[in-house]
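Right, one structure below, let's go through it.
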Number of protein chains: 4
Amino acid sequence: MRAAVLPEPGEIEFEDRPRPEADADEVVVDVGAVGICGSDLHYYQHGRIGDYVVESPLVLGHESAGVVSAVGEDVTDHAVGDRVALEPGVPCRRCEHCKSGHYNRCPDVTFMATPPDDGAFAEAIAWPADFAYPLPEGVSLEAGALAEPVSVGVHACRRGNVGVGDRVLVTGGGPIGLLVADVARAMGAGRVAVSEPVERKRSLAAARGAAPAIDPESTSVPETVRSAFHGGADVAIEATGDPRALQSCIDAVRRGGTVVAVGLDDEASLSLDVVDLVDAELTLAGSFRYANTYPAAIDLIAGDEVDATGLIDFRSPLSAVDEALERALDPSVVKGLVERDPA
Amino acid sequence: MRAAVLPEPGEIEFEDRPRPEADADEVVVDVGAVGICGSDLHYYQHGRIGDYVVESPLVLGHESAGVVSAVGEDVTDHAVGDRVALEPGVPCRRCEHCKSGHYNRCPDVTFMATPPDDGAFAEAIAWPADFAYPLPEGVSLEAGALAEPVSVGVHACRRGNVGVGDRVLVTGGGPIGLLVADVARAMGAGRVAVSEPVERKRSLAAARGAAPAIDPESTSVPETVRSAFHGGADVAIEATGDPRALQSCIDAVRRGGTVVAVGLDDEASLSLDVVDLVDAELTLAGSFRYANTYPAAIDLIAGDEVDATGLIDFRSPLSAVDEALERALDPSVVKGLVERDPA
Amino acid sequence: MRAAVLPEPGEIEFEDRPRPEADADEVVVDVGAVGICGSDLHYYQHGRIGDYVVESPLVLGHESAGVVSAVGEDVTDHAVGDRVALEPGVPCRRCEHCKSGHYNRCPDVTFMATPPDDGAFAEAIAWPADFAYPLPEGVSLEAGALAEPVSVGVHACRRGNVGVGDRVLVTGGGPIGLLVADVARAMGAGRVAVSEPVERKRSLAAARGAAPAIDPESTSVPETVRSAFHGGADVAIEATGDPRALQSCIDAVRRGGTVVAVGLDDEASLSLDVVDLVDAELTLAGSFRYANTYPAAIDLIAGDEVDATGLIDFRSPLSAVDEALERALDPSVVKGLVERDPA
Amino acid sequence: MRAAVLPEPGEIEFEDRPRPEADADEVVVDVGAVGICGSDLHYYQHGRIGDYVVESPLVLGHESAGVVSAVGEDVTDHAVGDRVALEPGVPCRRCEHCKSGHYNRCPDVTFMATPPDDGAFAEAIAWPADFAYPLPEGVSLEAGALAEPVSVGVHACRRGNVGVGDRVLVTGGGPIGLLVADVARAMGAGRVAVSEPVERKRSLAAARGAAPAIDPESTSVPETVRSAFHGGADVAIEATGDPRALQSCIDAVRRGGTVVAVGLDDEASLSLDVVDLVDAELTLAGSFRYANTYPAAIDLIAGDEVDATGLIDFRSPLSAVDEALERALDPSVVKGLVERDPA
């Protein structure tokens with residue numbers, strides 16, 4: 001089968017690899033759709049993210065869905081032909097984090113497209129059956145692939161304990177920010193504001209319900225939020241990685257409010273005013289990937305509470321994944337999608 | 001001013017009373033709309049609910065909204081002309097329940113239309129300003145009055161910790177059951193089933209999104225739910241007071257599931273299988289009135305996530321409140337509303 | 001090696017079995033101490049508990065600790081000679097309960113001494129390394145074996161959300177009740193009352209700090225608790241399985257209080273007053289086994305916050321396990337312990 | 001009656017003031033003991049803390065206990081002669097923070113010894129009865145006065161969700177740090193480390209059970225903690241206000257750990273690494289004063305779980321409060337106490 005690999009930064013090659021076989025507890029999935037994530041672009045451009053370095057040709061892509069083409073001998077709840085979304089991180093199942101339900105914190109996770117583990121820009125992949133989630137009728141493979149970034153949103157909103165009637169600020173109108181905003185509304189947030197400097201993304205946020213949609217380069221985000229929300233946000237979720245956005249979140253929440261940081265940027269550091277933290281009794285929570293989110297994420301997509309496919313700017317066949325990656329580098333692009341080559 | 005009082009069961013009289021004046025921390029509200037609740041009907045028919053006995057003429061009605069006509073000298077956040085919903089229970093503010101945020105458990109609460117405290121079937125009422133919540137544009141007084149039963153729904157869903165992707169069963173398609181179902185969906189429940197024996201109410205539940213809407217007299221609720229939800233409800237909320245419905249809830253939830261009892265009936269007792277409770281590690285939670293729900297309830301109504309006015313079967317002027325109570329006794333009626341007499 | 005098996009009710013035989021070998025992720029443990037639990041006695045007397053029926057000779061015993069004598073090839077954090085306590089239930093690691101941290105609810109658990117899975121009344125046992133917990137210096141093997149009932153106590157107190165300053169009632173002065181009381185104090189409960197009809201156990205409860213220690217056959221438990229605690233318990237934990245005790249718990253808690261049921265008895269059913277549940281906004285929670293408790297349980301034993309060995313009435317060698325079971329049937333016995341045969 | 005006032009920084013004068021009278025819901029308390037807090041010293045030295053400026057002679061002292069000498073007409077649960085501890089912050093009881101149980105966040109709180117509200121360095125004080133908590137036999141007035149800093153500890157540990165078996169780091173061995181450590185143990189923390197640069201305080205911490213007690217000037221706190229706790233603290237609580245200590249806390253916790261900031265220092269700001277926050281999924285929580293802690297704090301003192309009086313370095317009569325303040329400025333002093341003048 002064909003797999004697209006990254007031999008070195010900026011270059012994609014196609015390799016012929018043996019078709020994967022299913023271990024006893026695995027399924028083989030013929031990949032149908034894969035979202036392009038910022039981390040794919042970062043590896044593509046730089047060959048590394050922090051300590052994770054691409055040292056041998058790596059298959060990128062971790063937002064994926066497809067069709068089951070083989071099942072391992074112990075697998076009873078999947079059948080050939082089932083349409084599934086794949087959760088890309090499979091933890092050790094044995095450490096204290098795994099046992100206590102926080103498997104996203106497992107230090108021994110296998111995560112697609114993170115060196116040395118291959119991802120889904122390939123014709124097929126073998127994967128543990130319990131990390132392959134059935135898609136209901138009406139949820140397409142490309143929507144299923146986006147259950148991954150929706151999961152990031154579900155986890156971030158859970159970390160922020162978003163509840164009914166809450167006023168929420170989201171900084172960032174990329175795929176994560178927009179999906180966080182959708183999920184927050186689905187969890188009952190009465191009002192969701194989004195700040196985003198790129199006009200095209202900001203308009204998209206507004207069209208999806210952000211009120212207000214704020215340009216942080218021309219307006220004070222905290223002041224706008226405090227005025228719109230009559231006293232501050234209950235929860236603010238930072239989805240850019242920019243420390244200035246995180247500072248906006250801190251300044252925009254009410255006393256006792258919660259700030260969730262989900263955006264990551266290598267160099268980011270924030271000058272945190274400790275008196276603010278204590279005096280306003282804030283909670284500042286990091287949110288890392290997700291755990292126990294896929295069924296809920298797929299439900300939100302199925303119920304149209306989250307418009308995942310509305311993020312997609314373009315689709316590209318696997319055989320043109322190199323062009324797709326180049327195109328996705330444009331900052332006004334929200335989400336590019338790589339699809340199975342036509343037969 | 002005129003007030004409708006219950007001098008004895010089955011009889012309503014109108015009294016001329018002095019117009020109330022606002023204490024320093026109160027507002028006077030000209031009542032615009034009052035929902036008729038099952039408890040009003042119970043007092044109307046029987047003159048008592050449990051230990052609460054009508055011993056002198058009582059003004060009924062506790063689901064109310066109106067227009068501020070006077071403000072006390074210490075009140076700074078309300079003005080004459082403001083449209084407000086009134087939270088009918090004002091607690092002591094001093095006991096451990098009040099201090100810890102559970103003021104619905106305060107033993108010294110003043111609660112409208114609960115002997116000896118008068119309710120809102122009157123032209124005006126004086127009420128603590130902090131229990132009068134402004135209604136945003138687009139929320140009518142009749143919708144505002146129904147912030148009360150919506151609050152019951154919000155509190156019950158919070159007690160059940162309803163979250164995104166949850167499968168929820170609601171037993172009962174009266175006003176509380178229907179609003180619980182709406183609120184559960186607004187909090188992210190992926191699927192909400194409702195059981196209700198009265199055909200008209202069951203159809204209304206289905207039209208509002210219940211899937212499935214179950215007739216408990218012809219079908220096994222737990223079996224239907226287990227089949228529809230592939231293994232049991234995450235949360236079941238009982239809104240009838242009928243112990244058979246509560247038993248259905250217990251039988252319908254998955255291992256580790258939560259059952260919330262919000263419906264009340266004088267005689268109800270349940271034969272609880274302790275092995276079920278322990279072995280399935282269930283949580284069974286009572287839900288009593290509400291606390292800290294009004295802003296969220298009004299938000300849900302304003303955002304059309306909860307269709308409160310869709311419950312209203314008929315409207316009646318205050319001067320015909322006796323006929324309205326009689327009409328509301330019909331078991332197929334969901335909600336009757338009493339409105340200010342036309343000028 | 002020798003193993004004690006139950007071929008039929010009331011009879012124990014010794015079998016020679018092949019010494020177990022360690023799978024890749026397992027350790028072999030030479031069993032040093034095994035507590036006798038009520039469930040062992042129930043199988044011994046009746047050959048079944050509910051739907052679990054002994055159909056072929058079963059090794060009893062699930063409260064165990066011992067010394068590692070072999071390690072599987074993938075095991076890196078255990079070495080031959082390590083002293084460990086064994087958590088007796090190993091879940092599937094794949095279902096939603098396992099993934100979300102509630103592995104005690106896993107339907108596919110392997111649990112020692114529950115048909116058809118053998119227990120620890122044997123010279124050695126092979127067990128997954130991550131369910132074998134190292135014992136610190138100063139914690140004996142017999143104390144380590146009792147990390148199992150301590151875990152039941154930790155889980156029950158967590159289910160009850162016992163916190164600092166809480167007033168707690170525990171019904172039952174057997175091993176679970178006494179350990180629940182210890183754990184509740186260790187979690188900060190200011191006052192812990194214990195009710196227990198058997199004089200010897202009640203005295204033991206009092207000696208361990210129960211105040212008051214109540215005889216439920218001569219005194220009203222709720223009245224005594226309400227008087228001692230000035231208004232009701234915050235949390236009540238039922239550890240007998242007797243529905244009358246559960247009723248006492250319900251009657252003894254304050255408004256908004258929590259009742260945890262941990263005791264199990266085949267026939268138990270309770271006539272639950274639904275009005276009480278709703279009006280007092282109670283929470284009634286089942287507590288089934290435990291998850292993520294062993295490190296904490298061992299810590300509590302090591303720090304002398306829980307006196308596990310103080311429960312032991314007698315010790316018996318494995319070769320006399322039949323006599324030990326007979327002796328443990330005496331209702332005044334709290335805990336019997338089976339030890340490795342002397343070399 | 002006599003009251004000690006601060007007319008300008010560094011100076012204490014005594015004024016004759018009219019003896020306070022009890023409003024309907026108040027008690028008058030003859031002050032018996034008042035702890036000297038760092039904030040008293042800060043006002044004494046600088047005449048201000050942040051935006052709070054002493055503009056007219058202010059009575060300092062907010063950690064107080066005494067004997068009820070008069071009760072208002074609506075007060076039913078206090079009697080003359082009762083010994084009580086006074087909670088120094090009385091909130092508005094009406095805002096959303098008060099109603100939801102977080103009254104420590106109330107913006108309209110009256111707080112003793114915070115301009116313009118007087119404190120307890122006086123012979124008597126009138127105070128709302130529900131913020132005067134009875135002291136059980138065996139709890140002295142001076143121990144009762146210290147229910148205030150114990151409350152700070154209870155709230156901080158609750159913010160950190162300290163639980164049974166947790167490994168906890170506390171930075172700072174002043175009164176708050178030492179009491180936080182005691183409370184953490186009382187809530188079940190298996191191991192508590194304390195870092196403190198002043199030798200005398202560090203020794204006191206060790207004597208009270210800190211293991212290890214770390215000198216942050218000669219040793220790396222995170223490395224020491226990671227080694228002692230085999231992988232990081234579950235919770236770290238910062239009680240100095242020094243951003244370097246807060247950084248130590250962040251570096252010392254395990255993945256998914258919680259850092260609570262309770263210490264305050266005017267100038268403190270921290271350079272927060274956002275990648276650390278997100279990648280390790282930390283929670284960073286401010287802790288401001290306390291709410292709903294007094295009964296628990298008094299319980300902990302009564303049960304000897306917290307040794308409050310063991311912090312007291314010296315006692316001084318009210319008439320020598322100026323000398324007492326000077327003496328308390330010595331950095332090796334943990335706690336000074338001001339007592340009623342001898343009759």
Check: B/Glu281/C/His155 side-chain N/O donor and acceptor closer than 3.5 Å: yes
Selection from B/His97, B/His102, B/Arg159 maximising heavy-atom pairs under 4.5 Å formed with chain C: B/Arg159
Contact class of C/Asp276 relative to chain B, heavy atoms under 4.5 angstrom: neither
Side chain B/Arg105, main chain C/Arg255, donor-acceptor under 3.5 Å: no
Residue part contacting chain B, namely of C/Leu282, when any heavy atom lies under 4.5 Å: backbone
Residues of residues 38-46 of chain B within contact distance of chain C, non-hydrogen under 4.5 Å: none
Per-residue contact mode, C/Arg254 against chain B (heavy atom under 4.5 angstrom): side chain
C/Ile250 side, atom CD1; B/Leu272 side, atom CG - distance, nearest 0.5 Å: 7.5 Å
Pairwise distance CG(B/Leu270) to OG(C/Ser269) - rounded to 0.5 angstrom: 9.0 Å
Test side-chain hydrogen bond (donor to acceptor under 3.5 Å, both in side chains) applied to B/Asn292 - qualifying residues, sequence neighbours left out: none
Interface residue of largest heavy-atom contact number with chain B, from C/Pro107, C/Ala280, C/Gly256, under 4.5 Å: C/Gly256
Greatest number of heavy atom pairs closer than 4.5 Å to chain B - which of C/Val278, C/Val274, C/Thr283, C/Leu277: C/Val278
Contacting moiety of C/Val260, where chain B heavy atoms sit under 4.5 Å: neither
Partner chain C: residue of B/Asn104, B/Thr258, B/Val262 with the largest heavy-atom pair count (under 4.5 Å): B/Asn104
